[in-house]
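See structure below.
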Amino acid sequence: MAANLFKLSALLSLFSTFSSPWAPENNERVSIFPPTCNRIECPSFDVIHVGNGFEIRRYNSSMWMSTAPIDGISYVESTRTGFLQLFDYIQGKNEYKKKIEMTAPVITQISPSDGPFCASSFVVSFYVPKENQANVPPAKGLHVQKWNTKYAAVRQFGGFISGDDELGEEAAALHASLAGSKWSSAVDKSRLSSESAYTVAGYNSPFEFENRVNEIWMMFEMEE
């Protein structure tokens with residue numbers, strides 16, 4: 001029990017607001033394969049284009065366990081709330097009482113508010129390991145998102161996520177880097193039809209202070 005509480009405390013510090021001295025050498029490139037994915041399971045994808053400040057990925061079909069939308073004004077606090085639910089889930093608080101291996105990344109889909117004092121909506125999700133995807137353990141308050149093939153425009157940034165202003169700047173930088181590319185119209189079209197403006201993906205353990213990898217994803221559909 002003590003070990004689980006220590007592990008939970010450590011994982012929650014992933015959402016702390018202190019900064020890290022490390023940042024990618026060139027934030028205009030996406031070139032780091034998340035090191036965590038060499039140790040634990042991550043969703044598979046193919047890189048189909050590398051641009052100036054962005055990367056286009058094609059994600060294969062996958063399943064995610066997700067929270068209900070969480071209304072809040074803080075990414076850090078809302079993601080902490082959602083992660084607590086998902087941590088309980090993988091520790092066996094599900095209908096099968098089954099423990100599930102940790103995966104990466106933990107993602108938060110964000111639908112920003114229209115005003116500075118209005119609540120935004122956050123959905124926090126955990127990638128379900130392949131061994132559990134055929135029969136995903138259900139749980140109260142959580143639901144499964146099943147992805148078919150999906151495309152994502154991706155921007156990476158380092159360090160610990162300090163807050164919503166930083167995420168807004170990174171999302172704006174990604175959108176600006178896509179301008180004029182053949183992907184821009186597909187991304188904009190999907191953002192207009194989706195409740196989520198962008199997704200934040202976090203990969204690292206809170207004990208890793210170097211080579212931290214965070215990503216902004218803008219999901220979109222491609223016409224065949």
Side-chain angles (χ1 to χ4, degrees), residues 4 6-16 20 22-24 30-47 55-67 75-76 78-94 98-110 122-133 136-137 139 142 144-147 149-162 166-167 170 174 196 198-219:
N4 281 342
F6 175 78
K7 184 178 179 183
L8 172 59
S9 176
L11 286 169
L12 285 176
S13 69
L14 176 66
F15 307 115
S16 299
S20 164
W22 180 86
V30 178
S31 58
I32 300 171
F33 180 77
T36 307
C37 296
N38 292 318
R39 304 191 301 272
I40 61 178
E41 188 177 345
C42 295
S44 60
F45 63 84
D46 299 305
V47 177
E55 181 174 273
I56 302 297
R57 296 176 185 168
R58 180 177 58 236
Y59 279 87
N60 299 321
S61 58
S62 58
M63 300 186 78
W64 300 76
M65 182 58 73
S66 303
T67 67
Y75 161 84
V76 173
S78 298
T79 299
R80 184 194 301 268
T81 298
F83 184 77
L84 277 169
Q85 299 174 38
L86 295 171
F87 183 83
D88 285 345
Y89 173 78
I90 67 174
Q91 288 296 303
K93 192 175 180 179
N94 53 65
K98 183 178 181 62
K99 289 192 174 182
I100 300 171
E101 291 294 326
M102 188 64 193
T103 62
V106 172
I107 64 173
T108 302
Q109 296 162 279
I110 301 176
F122 304 85
V123 174
V124 186
S125 301
F126 161 84
Y127 169 66
V128 178
K130 289 180 181 177
E131 69 171 285
N132 302 111
Q133 291 191 17
V136 182
L142 302 176
V144 175
Q145 287 194 58
K146 184 176 181 180
W147 289 10
T149 301
K150 279 187 175 288
Y151 291 83
V154 178
R155 176 180 175 85
Q156 287 184 343
F157 59 104
F160 288 83
I161 296 174
S162 60
E166 177 189 7
L167 295 177
E170 294 292 345
L174 172 58
S196 173
Y198 57 89
T199 296
V200 182
Y203 288 88
N204 294 86
S205 157
F207 301 110
E208 296 174 317
F209 295 96
E210 297 184 351
N211 299 328
R212 294 189 63 83
V213 177
N214 308 297
E215 295 175 341
I216 297 288
W217 296 355
M218 291 184 179
M219 314 300 293

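Note that the structure is a prediction, hence the values are computed from the model and not measured.
For Thr36 (side chain) and Tyr203 (main-chain N/O), a donor-acceptor pair under 3.5 Å exists by modelled atom type. No donor-acceptor pair under 3.5 Å is formed between the side chain of Asn214 and the backbone N or O of Val200. The closest donor-acceptor contact from the side chain of Thr67 to the backbone of Val124 lies under 3.5 Å. Between the Glu41 side chain and the Lys130 main chain, a donor and an acceptor come within less than 3.5 Å of each other.
To the nearest 0.5 Å, atoms CZ (Phe33) and CG (Asn38) are separated by 5.5 Å. To the nearest 0.5 angstrom, Tyr75 atom OH is 6.5 Å from Ile110 atom CD1. Note that OH of Tyr127 is 10.0 Å distant from SG of Cys37, once rounded to the nearest 0.5 Å. Atom CD1 of Ile107 is separated from atom OH of Tyr198 by 14.0 Å, given to the nearest 0.5 angstrom. From Thr103, atom OG1 reaches atom CG of Asn132 across 9.5 Å, with rounding to the nearest 0.5 Å.
Within the 4.5 Å cutoff, the side chain of Met65 has heavy atoms near those of the Val144 side chain. Ile100 has its side chain within reach of Phe126: a pair of non-hydrogen atoms, C-beta onward, lies under 4.5 Å apart. Within the 4.5 Å cutoff, no side-chain heavy atoms of Thr199 are placed close to those of Val123. Contact of the Met63 side chain with the Gln145 side chain is not registered, since no non-hydrogen atoms from C-beta on lie closer than 4.5 Å.
The salt bridge (Lys or Arg N to Asp or Glu O under 4.0 Å) test applied to Lys150 returns Glu221, not counting sequence neighbours. Evaluation of the side-chain hydrogen bond (donor to acceptor under 3.5 Å, both in side chains) rule for Glu166 yields Ser162 as partners, not counting sequence neighbours. Every residue two or more places apart in sequence or in another chain that forms a side-chain hydrogen bond (donor to acceptor under 3.5 Å, both in side chains) with Ser62 is listed here: Trp64. Qualifying side-chain hydrogen bond (donor to acceptor under 3.5 Å, both in side chains) partners for Glu101, counting only residues two or more places apart in sequence or in other chains: none. Taking the ring pair (Phe, Tyr, Trp, His ring centres under 6.0 Å) definition, one finds that Tyr89 meets it with nothing, sequence neighbours left out. Evaluation of the side-chain hydrogen bond (donor to acceptor under 3.5 Å, both in side chains) rule for Ser61 yields no partner, not counting sequence neighbours.
When all heavy atoms of Arg212 and Gly159 are compared, the pair lying nearest together is NE-O, 3.3 Å. Nearest approach of Ala104 to Pro43, heavy atoms of both residues: O-CD, 3.2 Å. Listed here is the closest heavy atom pair of Ser44 and Asn60: OG-ND2, 2.8 Å.
Here Glu170 pairs with Arg155 in a salt bridge; the nearest charged N to carboxylate O distance falls below 4.0 Å.
Ring geometry, Phe45 versus Tyr59: the interplanar angle falls from 30° to 60°, so the pair is classed tilted.
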Using the rule given for side chain to side chain contact (heavy atoms under 4.5 Å, CB included), can you reason through Glu215 versus Glu55, listing the C-alpha separation, both sets of side-chain angles and the distance that settles it, and then say yes or no? CA-CA 11 Å; Glu215 295 175 341; Glu55 181 174 273; 5.8 Å; no
